[in-house]
Engineer: 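One structure follows; several queries about it will come next.
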Amino acid sequence: MADLSSSNNDERKGRLYNPYHDLHVPMQNLYNLPTAPEHLFIEEASKPHRSWGENLQYYTGCGYLSGAIIGGTKGSIEGLKAAEAGDTLKLRVNRVLNSGGSLGRRYGNTLGILGLIFAGLESGVIQLRGQDDLLNTVVAGLGTGALYKAAAGPRSAAIAGAIGGIAAAAAVAGKQAVKRYVPI
């Protein structure tokens with residue numbers, strides 16, 4: 001029982017911080033920092049999750065940026081490997097930039113579209129079910145894969161949907177593991 005009351009007391013206090021602790025000065029001026037998230041506006045504190053527009057921008061932007069970085073890196077490496085013995089430095093740099101830019105655009109557009117579809121489906125599932133939980137993310141991942149490969153046929157759509165659902169479930173599990181085991 002004593003442990004419970006001391007933990008509640010610690011939550012009320014917040015986090016004590018002394019900015020002078022490295023100076024080895026006998027000062028006891030400690031600041032009481034809050035442990036709960038702070039919001040600038042009251043409306044932000046009452047929202048349980050991002051809006052559909054915020055999700056759309058976040059997932060599309062993250063997808064495009066990560067795809068452009070991955071594709072640009074892969075294309076640059078391929079451009080370096082494709083250099084021939086008689087090429088000048090200017091020609092080699094041109095080859096690397098062209099290859100990196102081409103693959104960067106292609107991968108960025110692909111992952112941006114996947115993020116766009118995922119954000120729309122996740123927001124739709126949240127609206128449809130009326131609750132925000134981890135199942136929405138998995139269903140959105142499954143639907144994203146299926147919609148992205150729908151034109152290739154039902155078998156390809158089913159396989160891509162399964163891959164999307166597994167990837168979303170792995171991302172959810174990874175996020176939960178990081179929240180639980182990595183101290184912040």
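In what follows, every heavy atom counts, from backbone to side chain, and hydrogens, waters and symmetry copies are set aside.
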Engineer: Mind listing the closest non-hydrogen atom pair of G67 and L111 along with its distance?
Structural biologist: CA-CD1, 3.4 Å
Engineer: Closest approach of Y64 and G108, non-hydrogen atoms and distance?
Structural biologist: CD1-O, 3.1 Å
Engineer: Could I get the full list of side chain to side chain contact (heavy atoms under 4.5 Å, CB included) partners for L65, not counting sequence neighbours?
Structural biologist: I69
Engineer: Mind checking what makes side chain to side chain donor-acceptor pair (under 3.5 Å) contact with N109, not counting sequence neighbours?
Structural biologist: none
Engineer: What salt bridge (Lys or Arg N to Asp or Glu O under 4.0 Å) pairs are there with at least one residue in residues 51-73, not counting sequence neighbours?
Structural biologist: K47-E54
Engineer: Under a single-linkage rule joining Ile, Leu, Val, Met, Phe, Trp and Tyr whose side-chain heavy atoms are separated by less than 4.5 Å, which residues share a cluster with V172?
Structural biologist: L134
Engineer: Are the side chain of S102 and the backbone of S99 linked by a donor-acceptor contact shorter than 3.5 Å?
Structural biologist: no
Engineer: Report the residues that fulfil side chain to side chain contact (heavy atoms under 4.5 Å, CB included) with I70, sequence neighbours left out, ordered by chain and then residue number.
Structural biologist: Y107
Engineer: Indicate the atoms forming the closest heavy-atom contact of L56 with T60, along with that distance.
Structural biologist: O-OG1, 2.7 Å
Engineer: Which residues satisfy the side chain to side chain contact (heavy atoms under 4.5 Å, CB included) test with L135, sequence neighbours excluded?
Structural biologist: R129, D133, V139
Engineer: May I have the step-by-step check of side-chain contact (heavy atoms from CB on, under 4.5 Å) for L121 and L147, ending in yes or no?
Structural biologist: CA-CA 10 Å; L121 286 177; L147 276 176; 3.9 Å; yes
Engineer: Please check if W52 and L116 belong to a single hydrophobic cluster, counting links between Ile, Leu, Val, Met, Phe, Trp and Tyr side chain heavy atoms closer than 4.5 Å.
Structural biologist: yes
Engineer: If hydrophobic residues (ILVMFWY) are linked whenever their side-chain heavy atoms come closer than 4.5 Å, directly or via other members, who joins I77 in its cluster?
Structural biologist: none
Engineer: Going from OG on S76 to CG on N98, what distance comes out if it is rounded to the nearest 0.5 angstrom?
Structural biologist: 10.5 Å
Engineer: Tell me every residue that passes side chain to side chain contact (heavy atoms under 4.5 Å, CB included) with T88, counting only those two or more places apart in sequence or in another chain.
Structural biologist: K90, L91
Engineer: If I compare all heavy atoms of G145 with all of A160, which pair ends up nearest, and what's the gap?
Structural biologist: O-CB, 3.2 Å
Engineer: Between I126 and Q131, is there a side-chain heavy-atom distance shorter than 4.5 Å?
Structural biologist: no
Engineer: Under a 3.5 Å distance rule, please check whether D87 uses its side chain to pair with a backbone N or O of E84 as donor and acceptor.
Structural biologist: yes
Engineer: For E78, check salt bridge (Lys or Arg N to Asp or Glu O under 4.0 Å) against everything at least two apart and list the hits.
Structural biologist: none
Engineer: Name all residues meeting the salt bridge (Lys or Arg N to Asp or Glu O under 4.0 Å) criterion together with R105; count only those two or more places apart in sequence or in a different chain, and write none if there are none.
Structural biologist: none
Engineer: May I have all residue pairs that pass side-chain hydrogen bond (donor to acceptor under 3.5 Å, both in side chains) and include part of residues 117-127, sequence neighbours excluded?
Structural biologist: Y59-E122, E122-T137
Engineer: What is the minimum heavy-atom distance between A150 and A157, and which atoms define it?
Structural biologist: CA-CB, 3.9 Å
Engineer: Name all pairs fulfilling the side-chain hydrogen bond (donor to acceptor under 3.5 Å, both in side chains) condition that reach into residues 144-165, sequence neighbours left out, sorted by first residue then second.
Structural biologist: none
